[in-house]
Number of protein chains: 2
Amino acid sequence: MLMSSQVESFVMHCGEMGSRWGFNRTVGQMYGLLIINEQALSAIQISEALNISRGNVSMGIKELQSWRLVQVQHKPKDRKEYYTPAGSIWEMAIRVFEERRKREVDPTLSLLRSNLLETPNTQEALFAQEKMKEIHDLLETITHWAAELQSLSPEKLNTLMKLGAGVSKVIDMKDRLLK
Amino acid sequence: MLMSSQVESFVMHCGEMGSRWGFNRTVGQMYGLLIINEQALSAIQISEALNISRGNVSMGIKELQSWRLVQVQHKPKDRKEYYTPAGSIWEMAIRVFEERRKREVDPTLSLLRSNLLETPNTQEALFAQEKMKEIHDLLETITHWAAELQSLSPEKLNTLMKLGAGVSKVIDMKDRLLK
DNA sequence: TCAAACTTTCAGAACATTCTGAAAGTTTAA
DNA sequence: TTAAACTTTCAGAATGTTCTGAAAGTTTGA
């Protein structure tokens with residue numbers, strides 16, 4: 001499992017990004033390696049390619065599975081498990097996005113909701129609640145919107161994104177027509 | 001600087017989230033505290049409210065400034081600096097979003113671009129390049145789109161988000177009209 | 001120019017995360 | 001069954017991050 005220099009730079013970069021994307025360096029490298037390889041890889045191949053312990057690979061795979069980012073494959077006459085990315089690049093992006101929302105936004109929303117149920121009894125508490133309401137409403141609008149966008153087919157979503165700020169014009173047009 | 005229990009739970013939660021949002025726990029707490037307080041706070045007030053050292057506050061403020069999330073205020077007859085969040089909740093969201101893009105997406109895009117310039121000389125390298133191209137194109141489409149959306153006014157963007165998956169119908173309608 | 005009132009910096013301590021490798025657990029084929 | 005071929009787990013080592021507090025730096029008014 002020797003990597004070409006391009007592949008290596010990509011894999012190492014995925015490692016650097018790993019921590020920013022929500023998992024750690026090695027998990028990032030592992031995922032990069034799986035994406036960039038046409039063939040599914042065994043745990044040992046991964047551990048040799050990245051120079052990490054077999055145990056670490058096992059934990060990393062578990063983490064990637066919790067993000068629903070890898071699939072296990074089996075080869076005939078071979079007991080080892082072989083790992084490969086789950087789904088297309090598009091699906092991978094959706095998953096990372098969704099999973100991060102679950103970890104970053106959902107807990108905040110539920111805390112805000114429960115705080116908003118209490119009755120403020122001082123001036124400060126009142127101000128605080130107003131701010132919390134603002135944040136709550138914004139996060140809610142965004143998550144709803146994101147969920148709806150995810151329900152669109154990749155093609156539709158692609159058209160939409162390519163349209164960019166143009167959507168705004170299309171909507172204005174609609175408003176005028178309906179008046 | 002005693003906090004009511006609601007305020008405290010919010011501030012502590014911002015701390016938990018801090019690390020996920022790209023800064024650390026204390027920086028998250030500091031920012032939460034500033035958001036939730038109507039009055040601007042001095043470094044000492046922050047350090048007392050959160051039970052952290054004065055030095056730590058100084059570093060945290062610096063970090064928040066690098067995210068363009070706080071503003072400094074001065075009061076007459078007082079040499080201390082008073083800190084307050086920069087901009088509305090809306091702007092804060094935009095900033096966090098933008099700053100994260102810079103840290104998480106931009107470096108990846110530039111690495112991918114430079115890798116795509118090289119000519120693949122093996123089957124593996126070819127496959128690897130195809131994948132990198134896919135990721136590159138996806139990230140580019142998304143960042144372009146995000147930039148365009150940010151150019152819209154908050155109101156327009158709000159209408160758009162409320163419309164949700166409905167945009168898709170509006171676009172279909174446009175296509176039919178133009179045919 | 002000075003010193004009081006602040007802010008910043010940074011070495012080392014405290015704390016948190018990640019990694020290794022050996023031991024324990026699981027699965028399969030005979 | 002058994003044992004070979006794997007995977008998982010987890011204590012402790014290695015590494016990385018954050019925090020404190022004392023020292024250094026800066027600004028201001030007199």
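To find a chain, count down the sequence lines: A is the first, B the second, and so on, and within it residues start at 1. Quantities reported herein were computed from a predicted structural model and do not represent experimental measurements.
In this model, no donor atom of one side chain and acceptor atom of the other lie less than 3.5 Å apart for B:Ser42 and B:Lys80. Side-chain polar atoms of B:Ser9 and B:Gln6 form no donor-acceptor pair below 3.5 angstrom.
When hydrophobic clusters are built by joining Ile, Leu, Val, Met, Phe, Trp and Tyr residues whose side-chain heavy atoms come closer than 4.5 Å, directly or via intermediates, A:Phe97 is not grouped with A:Tyr31.
Residues B:Tyr83 and A:Ile52 both approach DNA chain C. Their nearest nucleotides, taken by heavy-atom distance, put B:Tyr83 toward the 5′ side. Sequence order on DNA chain D of the closest nucleotides to A:Gly55 and A:Asp78 puts A:Asp78 first from the 5' end.
Listed nucleotides: D:dT9, D:dT7, C:dC6. Nearest to the side chain of A:Met59: D:dT9. Listed nucleotides D:dT9, D:dG29, D:dT7 differ in distance to B:Arg79; the shortest reach to its side chain belongs to D:dG29. Here the nucleotide nearest the side chain of B:Asn24, chosen from C:dC19, C:dT8, D:dT18, is D:dT18. Here D:dT20 is the nucleotide among C:dG21, D:dT20, D:dC10 with the atom lying nearest to any side-chain atom of B:Ser53.
The CD1-C1' distance, from A:Ile61 to D:dC6, rounds to 14 Å in whole Å. Atoms NZ (B:Lys75) and P (C:dC6) sit 13 Å apart, rounded to a whole Å. Regarding B:Leu50, its CG atom lies at a distance of 11 Å from the P atom of D:dC19, rounded to whole Å. The distance from atom CZ of B:Arg54 to atom C1' of C:dC10 is 15 Å, rounded to the nearest whole Å. The CG-P distance, from B:Asn56 to C:dC10, rounds to 15 Å in whole Å. Straight-line distance from the CG atom of A:Leu64 to the P atom of C:dT18: 13 Å, rounded to whole Å. Summarising the geometry, the separation between NZ on A:Lys80 and P on D:dA4 is reported as 16 Å, rounded to the nearest angstrom. Counting to the nearest Å, the P atom of D:dG21 and the CD1 atom of B:Ile44 are 14 Å from each other.
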**Q.** Verdict with supporting geometry, B:Lys133 and B:Glu130, salt bridge (charged side-chain N to carboxylate O under 4.0 Å, His left out)
**A.** CA-CA 5 Å; B:Lys133 178 105 176 58; B:Glu130 279 164 16; over 6 Å; no
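Neither OP1 nor OP2 of C:dT7 sits under 4.0 Å from any side-chain N or O of B:Lys62. Applying the 4.0 Å criterion to OP1 and OP2 of C:dA29, one finds that A:Lys77 has every side-chain N and O outside that range.
Counting heavy atoms from C-beta on, the side chains of B:Phe127 and A:Ile36 never come closer than 4.5 Å.
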